[in-house]
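Here is the structure we will look at, set down as structure tokens.
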Amino acid sequence: MDFSKQYIIQAITTAANNLRLSSEKIETVAILKERLSNSSNISEEIKLFKKITELSKLGIRLNEILISFESTRIDFLKISDRFKEHSANLVRELSNSLDNITPQHLRETFQKFDNNPINIDLTKKTAGRTNWEQMEETINQSISNIPGRSKADELKEEIIMSDLNEDQLFNFEKFEEKILTPVKEIDRFLDKVTRYDFTEAEAKHFINLMSENGNASRNAGYEILANMHSIFSRGLELVNQKKLAPSVQIIESLRACLIVIVAVVRGKEVDITSYLNRAETFGRGIFSKQKGN
């Protein structure tokens, strides 16, 4: 018996029992438990949860519980108290996940990862120089197929990006403060980029900041956040090097990265699929072209 797996599944069950669930949400919980139960590696399965937007925070919490459970000596006299604490800590994240995903969408998402896992390579470095004009044309062609922002999109963005005042104190962990604090300033900077009204020093500052926060996200287990930061950093670097023109499509792709970052960290109950698709399409374009150097 995989004791760690059983512990995690039982913690989810106990957390779910503390929620008033509809039949649809009960089905979603059953899918999650079945997925974990059939997994041959509970740690890798939880890593997959962290890559799925709607399950990312739940995955982070499950990973914390797994590490705590496996890294400390089991005291059977106190394990019941620890279990109660762990399951209680799952309630909020589980509730948020259940509010944002349906059983059908969850099945389709798992199937998507099983058949074609997203794996954006953000680490490969090659020597030489590529044909950047061809790269820019390819990128613009790929993202031009994505519909532009509608009024509904603007409303979504307002909901997601609201409450990011510079003087606001976030009641989140330091990591989340670190990620969110610069977003509003960077968003305003993109307006300057559109007008070519920026200095190289300003651009390098934000490139380095997003790269640093991307590394922090990856170290914390937030693969989606890490990818969004890396895509933004690389995209802005190419604009700064004048290898990409800051067209409307490019700026919207960069801003899509920011939208996804804020939505994931703040747990906004807004569908961000279009922004995630735009950002990842842009990312595949700018990183895949490095192979042609």
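These numbers come from the heavy atoms of this one structure, side chains and all, not from hydrogens, waters or symmetry mates.
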### Task
Would you check, one step at a time, whether the test side-chain contact (heavy atoms from CB on, under 4.5 Å) holds for N41 with E45?
CA-CA 6 Å; N41 188 321; E45 197 64 41; over 6 Å; no

### Query
Any donor-acceptor pair under 3.5 Å linking the side chain of T14 with the backbone of Q10?
yes

### Message
How long is the straight-line distance from CD of E237 back to CG of N208, given to the nearest 0.5 Å?
### Response
9.0 Å

### Ionic contact status for R107 with D114, cut-off 4.0 Å
no

### Message
Has D197 got a side-chain atom pairing as donor or acceptor with V193's backbone, closer than 3.5 angstrom?
### Response
no

### Message
Do I60 and E93 make a side-chain contact, defined as non-hydrogen atoms from C-beta onward lying under 4.5 Å apart?
### Response
no

### Message
What verdict does the side-chain contact (heavy atoms from CB on, under 4.5 Å) test give for S95 and D99, after you've listed the backbone C-alpha separation in whole Å, the side-chain angles of each residue and the deciding distance to 0.1 Å?
### Response
CA-CA 6 Å; S95 178; D99 286 341; 4.0 Å; yes

#### Entry: Whether over 12 other heavy atoms sit under 6.0 Å from K192 NZ
yes

### Message
Quick one, L36 with I12, criterion side-chain contact (heavy atoms from CB on, under 4.5 Å). Give me CA distance, side-chain angles, the key distance, then yes/no.
### Response
CA-CA 10 Å; L36 292 170; I12 292 175; 3.4 Å; yes

#### Entry: Side-chain donor or acceptor of R255 paired with backbone N/O of D187 under 3.5 Å
yes

### Query
Backbone N or O of L98 within a donor-acceptor pair of the T28 side chain at under 3.5 Å?
no

## Note on the structure
Here the gap from I52 atom CD1 to F110 atom CZ, rounded to the nearest 0.5 Å, amounts to 4.5 Å

#### Entry: Non-hydrogen side-chain atoms of N213 and P182 separated by less than 4.5 Å
yes

### Query
Does a side-chain N-to-carboxylate-O contact under 4.0 Å join K47 and E44?
yes

### Query
Which heavy atom in C257 sits nearest to a heavy atom in I231, and how many Å separate them?
SG-CG2, 3.7 Å

### Query
Which value, rounded to the nearest 0.5 Å, describes the distance between I251 atom CD1 and T194 atom OG1?
4.0 Å

### Task
Specify whether F189 and F206 have parallel, tilted or perpendicular ring planes, treating 30° as the upper limit for parallel and 60° as the lower limit for perpendicular.
tilted

#### Entry: Exam field: side chain N38 to backbone E34, donor-acceptor pair closer than 3.5 Å
yes

### Any side-chain heavy-atom pair of V260 and F232 under 4.5 Å
no

### Query
Charged N to carboxylate O under 4.0 angstrom, E223 versus K51?
no

### Task
Evaluate side chain to side chain donor-acceptor pair (under 3.5 Å) for K5 paired with S37, printing each intermediate quantity in order.
CA-CA 7 Å; K5 179 191 294 186; S37 179; 5.6 Å; no

### Query
If you measure only the distance, is there a donor-acceptor pair under 3.5 Å linking the side chains of H229 and E212?
no

### Query
Looking just at side-chain N and O atoms, do E108 and Q104 make a donor-acceptor pair shorter than 3.5 Å?
yes

### Task
Please examine the side chains of H205 and E202, heavy atoms only from C-beta on, and report whether any two atoms are closer than 4.5 Å.
no

### Query
Minimum heavy-atom separation for N89 to R61, with atom names?
O-NE, 3.6 Å

### Task
Examine V248 and L236 and state if one hydrophobic cluster contains both, with Ile, Leu, Val, Met, Phe, Trp and Tyr joined whenever side-chain heavy atoms are less than 4.5 Å apart.
no

### Query
How about I261 and M210: do any of their side-chain heavy atoms sit closer than 4.5 Å?
yes

### Task
Test side chain to side chain donor-acceptor pair (under 3.5 Å) on H86 and E64 and set out the steps.
CA-CA 9 Å; H86 285 157; E64 290 174 354; over 6 Å; no

### Task
Measure the CE-OH distance between M228 and Y275 for me, rounded to the nearest 0.5 Å.
14.0 Å

### Task
Look only at the side chain of S253 and the backbone of Q249, and say whether a donor-acceptor pair between them is shorter than 3.5 Å.
yes

### Query
How many angstroms lie between atom OG of S56 and atom CD1 of I224, to the nearest 0.5 angstrom?
5.5 Å

### Task
Of all the heavy-atom pairs spanning L32 and L94, show the shortest one and how long it is.
CD1-CD1, 4.3 Å

### Contact summary for A11 and S87, nearest pair of heavy atoms
O-CB, 3.7 Å

### Any K204 side-chain heavy atom under 4.5 Å of N240 side chain
yes

### Message
Testing the 3.5 Å rule here: is there a donor-acceptor pair between the side chains of K57 and S97?
### Response
no

#### Entry: Test item: L244 and I286 side chains (from C-beta on) under 4.5 Å apart, heavy atoms
yes

### Summary
Rounded to the nearest 0.5 angstrom, the NZ-CD1 distance for K25 and I101 is 12.5 Å

### Summary
Residues E54 and N100: closest non-hydrogen pair is CG-O, 3.4 Å

### Query
Are any of the side-chain heavy atoms of L66 and I46 separated by less than 4.5 Å?
yes

### Task
Might you work through the side-chain contact (heavy atoms from CB on, under 4.5 Å) test for L55 and L106, ending with a clear yes or no?
CA-CA 9 Å; L55 301 181; L106 183 58; 3.8 Å; yes

### Message
Quick check: closest heavy atoms across A245 and Y196, and the distance to 0.1 Å?
### Response
CB-OH, 4.1 Å

